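Structure first, then comments.
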Amino acid sequence: MADACVIGVDLGGTKLLAGSVDAELRVHHRAYRLSRRDAVVETIVEAVQEAREAAQREIRAVGVGVPCLVVPGSGVAMACNHFPLVDVPLRDLLAERLGLPVVVENDATAALIAEWRYGAARGARNVVMLTIGTGVGGGVVADGQIVRGATGAAAELGHIVIDESGPPCPGNCPNRGCLEAFVSGPALALEGRARAVAYSDSGLGRALAAGREITGPLVTELAHDGDDAARAAIAVLGRHLGVGITSLVNVFNPEAVVVGGGLVAAGDLLLAPARQVVAERALPTARDQVRIVPARFGHESGMLGAAALAFEVAGNLESIG
């Protein structure tokens, strides 16, 4: 059993990542897929089967993180902002298809588990997690307990409002001015394109003129290469992020705010402006002791957290650490 693995799956709004993971959280194979709104279960099954075949080890269980409200303990997806998943028994459907024990969790909660137990917030008892990709997921630990709420719908932190007159929130959210509308991969692409048009002699401007699509990853790449327009675009998102984190710091008084997801690839280009806003706007008692840090596991936190939950199901978590 020492060589046994589990498979962790992180379903995002745009991409899916599955990995075969051993009891020391080492990833032995990664399987990537584009997320498909019309074939969620099939896409997960395909990726798991690829990771399972490539692992060449016993696979004991599967953990799946999904961007949905999940009924605690049941694996039922109640609702989802980016996929047509309403009252879908994902755990049971996947277990039947895969012939393995399956655990299903909200994707941001899975990322929180990885970072709180083994990563950037290890040892803390009060933690806020934000996962920023196609949307913004959230998770909260308060006094050493994951906050789930009355029906499992707590910690939808991407839907705190930072501008009541702001743009409509993407997906199925009926609100306006949500953090997710201002800080996400699509939001960075929009900000980057606006600056590409305004500053034609910038790296972003030249990329647009050459016919390249202005995406969040391209903006991040050019920013790391030193393009001022791309850096300014990320800084705008960083300040919006700081406004959101300010409210979270004031409400939860966490020891750490961990930022993960694809957008964390921007590093301090994103987080430094956010920290500055929090320093200026948060209440002093909470502000002065909080750490705002990138996820230790980067964009793989959700997949590794799902794997950790799968080891719990398999009864073999004790060697992780």
Side-chain angles (χ1 to χ4, degrees), residues 3-23 25-71 74-111 113-114 131 133-135 137 171-172 185-186 215 217 260-262 297-314:
D3 291 334
C5 285
V6 299
I7 293 175
V9 180
D10 182 21
L11 174 67
T14 304
K15 299 175 184 177
L16 179 148
L17 169 63
S20 55
V21 181
D22 67 23
L25 290 189
R26 293 177 299 202
V27 183
H28 293 267
H29 180 80
R30 294 169 175 84
Y32 298 90
R33 295 289 188 281
L34 292 177
S35 299
R36 296 172 53 195
R37 287 178 53 85
D38 61 338
V40 175
V41 172
E42 290 77 7
T43 305
I44 294 172
V45 168
E46 288 174 7
V48 169
Q49 289 175 337
E50 178 187 326
R52 187 178 190 178
E53 292 168 4
Q56 298 183 341
R57 297 175 178 222
E58 178 191 5
I59 300 298
R60 302 191 63 196
V62 178
V64 183
V66 293
C68 306
L69 302 180
V70 178
V71 179
S74 75
V76 173
M78 289 188 290
C80 185
N81 198 38
H82 297 285
F83 293 97
L85 297 173
V86 179
D87 296 328
V88 177
L90 274 179
R91 182 191 65 186
D92 294 345
L93 287 173
L94 290 169
E96 181 179 358
R97 292 284 297 274
L98 296 168
L100 289 167
V102 175
V103 59
V104 175
E105 180 60 272
N106 172 265
D107 59 343
T109 301
I113 288 169
T131 58
T134 303
N172 297 322
T215 63
F297 301 116
H299 71 282
E300 294 193 337
S301 297
M303 182 263 286
L304 292 172
L309 292 170
F311 271 112
E312 288 186 353
V313 170

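Hydrogens, waters and symmetry mates are skipped; everything else that's a heavy atom, side chains included, is used. Here the structure is a predicted model, which is why all the values come from computation and not from measurement.
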(message) Which residues pass the salt bridge (Lys or Arg N to Asp or Glu O under 4.0 Å) test with Arg91, not counting sequence neighbours?
(response) none
(message) Counting C-beta onward and ignoring hydrogens, is there a side-chain heavy-atom pair between Leu17 and Arg30 closer than 4.5 Å?
(response) yes
(message) If you compare all heavy atoms of Ala114 against all heavy atoms of Gly305, which two are closest, and at what distance to 0.1 Å?
(response) CB-N, 3.6 Å
(message) To the closest 0.5 Å, what do you measure between NE2 (His28) and CZ (Arg57)?
(response) 3.5 Å
(request) Scan side-chain atoms only and decide if His29 and Glu50 contain a donor-acceptor pair under the 3.5 Å cut-off. (result) yes
(request) Report yes if some heavy atom in the side chain of Val27 is under 4.5 Å from a heavy atom in the side chain of Leu304; otherwise report no. (result) yes
(request) Might you point out which heavy atoms bring Ala108 and Thr131 nearest each other, and give the distance in Å? (result) CB-OG1, 3.7 Å
(request) Taking the side chain as every heavy atom from C-beta outward, state whether Val21 and Met303 have any atom pair closer than 4.5 Å. (result) yes
(message) Checking Val64 against Leu90 for the side-chain contact (heavy atoms from CB on, under 4.5 Å) test, could you report, in this order, the C-alpha distance in whole Å, the side-chain angles of both residues, the deciding distance, and whether it holds?
(response) CA-CA 9 Å; Val64 183; Leu90 274 179; 5.9 Å; no
(message) Rounded to the nearest 0.5 Å, what separates atom CG in Leu100 from atom CG in Leu94?
(response) 10.5 Å
(request) Measure the spacing between CD1 of Ile44 and CD1 of Ile7 and express it to the nearest 0.5 Å. (result) 12.0 Å
(request) Over all heavy atoms of both residues, which pair between Thr43 and Leu16 is shortest? Give the atoms and the distance, please. (result) CG2-CD1, 4.2 Å
(message) Quick check: do Asp22 and Cys5 have side-chain heavy atoms less than 4.5 Å from each other?
(response) yes
(request) Please confirm whether the backbone N or O of Ala306 pairs with a side-chain atom of Asp10, one donor and one acceptor, at under 3.5 Å? (result) no
(message) Could you measure the distance from the CZ atom of Arg97 to the CD atom of Gln49? Nearest 0.5 Å is fine.
(response) 7.5 Å
(request) Identify the two heavy atoms, one from Leu11 and one from Pro67, that lie closest to each other, and give their separation to 0.1 Å. (result) O-CD, 3.0 Å
(request) Report, as yes or no, whether the 6.0 Å neighbourhood of atom CD on Gln56 holds more than 12 heavy atoms from other residues, nucleotides or ligands. (result) no
(message) Rounded to the nearest 0.5 Å, what separates atom CG in Leu85 from atom CZ in Arg37?
(response) 9.0 Å
(message) Given Met78, which partner from the list Leu69, Val88, Val86 fulfils the side-chain contact (heavy atoms from CB on, under 4.5 Å) test?
(response) Leu69
(request) List the atom of Val104, the atom of Val70, and the distance in Å for their closest heavy-atom pair. (result) O-CG1, 3.8 Å
(request) Check whether any side-chain heavy atom of Val66 sits under 4.5 Å from a side-chain heavy atom of Asp107, and report yes or no. (result) no
(message) How long is the straight-line distance from OG of Ser35 back to CZ of Arg33, given to the nearest 0.5 Å?
(response) 11.5 Å
(request) Please report the closest heavy-atom contact between Ala31 and Ala51, naming both atoms and the distance. (result) CB-N, 4.4 Å
